[in-house]
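Numbering of residues begins at 1 and proceeds along the displayed sequence.
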Amino acid sequence: MLKEIRPAIIVLVLLTLITGLAYPLAMTAIAGVLFPKQAQGSLIEKDGKVIGSVLIGQEFKDDKYFHGRPSATSGPDPADSTKTTSVPYNAANSSGSNLGPTSKALNDRIKEDVEKLKAENATASVPVDLVTTSGSGLDPDISPEAALFQVPRVAKARNMPEELVRQLVIVNTQGRFAGLLGEPRVNVLALNLALDRAASK
């Protein structure tokens with residue numbers, strides 16, 4: 001019986017070593033050489049300190065900054081470890097809200113967010129990505145329309161001309177990949193860093 005099982009065990013061990021160890025290590029090494037920035041997490045530094053990543057959104061609450069999409073990620077409640085609480089952009093717990101279009105809680109939250117945003121800019125329609133979460137809850141980008149919607153608030157909070165803030169949005173808008181794939185987008189962290197640099201000048 002051992003004679004029949006031995007080839008299966010040898011193949012299992014060999015394939016485990018090849019596909020579970022050698023291949024991932026080789027791909028990690030190749031990625032580190034060909035794409036060093038991306039392999040390290042596409043980190044963004046300011047004054048020699050890592051402040052975020054191009055790939056993962058952050059929460060900005062201050063009126064002088066552009067805000068990203070709402071995040072539905074959660075984490076353990078510090079007061080009761082058996083419960084969870086909202087922890088926006090929690091990279092350890094990427095998830096959507098799992099609330100569907102018939103959910104009263106979702107509809108109430110969206111209505112409340114729309115009302116807040118209308119108070120912020122009554123002259124424009126509210127872009128959908130400012131009131132809906134992404135599937136991962138970690139989306140670092142917003143649409144150019146969502147960024148332009150926030151220009152009056154940001155310009156007023158920073159006492160800057162709206163046209164200057166609008167130009168920053170336009171300069172920081174990324175087009176479709178290869179002109180075909182995806183949608184135009186604005187990375188919120190990159191835009192806020194550009195805004196800080198412009199304000200310091």
Side-chain angles (χ1 to χ4, degrees), residues 20 23-76 84-99 106 109-110 113 117 126-151 153-154 165-200:
Y23 180 77
L25 287 174
M27 289 301 105
T28 302
I30 291 168
V33 171
L34 297 178
F35 308 103
K37 185 172 171 54
Q38 292 89 336
Q40 295 301 316
S42 300
L43 302 176
I44 296 176
E45 292 185 10
K46 183 179 180 182
D47 302 325
K49 181 181 174 189
V50 174
I51 58 166
S53 168
V54 173
L55 305 172
I56 297 177
Q58 295 183 25
E59 185 174 36
F60 292 95
K61 290 186 174 181
D62 198 317
D63 281 348
K64 69 180 187 173
Y65 288 112
F66 286 88
H67 302 162
R69 293 184 76 163
S71 175
T73 58
S74 61
T84 60
T85 186
S86 176
V87 181
Y89 301 103
N90 178 9
N93 194 12
S94 170
S95 66
S97 69
N98 290 333
L99 299 176
L106 176 64
R109 190 209 35 93
I110 289 175
D113 288 353
L117 290 166
V126 177
V128 71
D129 54 326
L130 285 181
V131 294
T132 57
T133 62
S134 65
S136 68
L138 305 175
D139 197 343
D141 303 320
I142 55 175
S143 66
E145 295 78 20
L148 291 169
F149 177 89
Q150 299 179 66
V151 165
R153 170 182 47 81
V154 173
V165 178
R166 193 172 288 107
Q167 276 303 116
L168 285 172
V169 170
I170 292 165
V171 167
N172 283 280
T173 298
Q174 301 168 1
R176 291 180 168 90
F177 179 74
L180 299 169
L181 302 175
E183 291 296 323
R185 64 206 178 283
V186 180
N187 185 279
V188 178
L189 178 56
L191 177 58
N192 284 334
L193 288 172
L195 188 61
D196 282 344
R197 286 192 297 272
S200 69

Between His67 (side chain only) and Asp62 (backbone N and O only), is there a donor and an acceptor less than 3.5 Å apart?
yes

Kindly list each side-chain donor-acceptor pair under 3.5 angstrom involving residues 29-40, sequence neighbours excluded, with atom names and distances?
unit_1 : atom_1 : unit_2 : atom_2 : d
Lys37  : NZ     : Leu43  : O      : 3.0

Hey, does [Y] have a side-chain heavy atom less than 4.5 Å from the side chain of [X]?
{"X": "Leu130", "Y": "Leu117", "value": "yes"}
{"X": "Ile142", "Y": "Gln150", "value": "yes"}
{"X": "Ile110", "Y": "Leu106", "value": "yes"}

Applying salt bridge (charged side-chain N to carboxylate O under 4.0 Å, His left out) to Glu183 and not counting sequence neighbours gives Arg176

Do Arg69 and Thr133 get their side chains close enough for a donor-acceptor pair, meaning under 3.5 Å?
no

Nearest-0.5 Å distance that lies between atom [atom1] in [X] and atom [atom2] in [Y]:
{"X": "Leu55", "Y": "Leu189", "atom1": "CG", "atom2": "CG", "result": "11.0 Å"}
{"X": "Arg109", "Y": "Asp113", "atom1": "CZ", "atom2": "CG", "result": "5.0 Å"}
{"X": "Tyr65", "Y": "Gln58", "atom1": "OH", "atom2": "CD", "result": "10.5 Å"}

[X] versus [Y], closest heavy-atom pair with distance:
{"X": "Lys46", "Y": "Leu193", "answer": "CD-CD2, 3.9 Å"}
{"X": "Phe60", "Y": "Phe66", "answer": "CB-O, 3.5 Å"}
{"X": "Leu191", "Y": "Leu168", "answer": "CD1-O, 3.7 Å"}
{"X": "Asn172", "Y": "Ala190", "answer": "OD1-O, 4.1 Å"}
{"X": "Pro127", "Y": "Ala146", "answer": "CG-CA, 3.6 Å"}
{"X": "Asp63", "Y": "Arg153", "answer": "O-NH1, 2.7 Å"}

Output all residues satisfying side chain to side chain donor-acceptor pair (under 3.5 Å) with Asn187, sequence neighbours left out; order by chain, then residue number.
Asp141

Among all residues two or more places apart in sequence or in another chain, which pass the side chain to side chain contact (heavy atoms under 4.5 Å, CB included) test with [X]?
{"X": "Ala26", "answer": "none"}
{"X": "Asp47", "answer": "none"}
{"X": "Ile56", "answer": "Ala91, Leu138"}

Please say which of Leu148, Asp129, Thr173 ends up in a side chain to side chain contact (heavy atoms under 4.5 Å, CB included) with Ser143.
Asp129

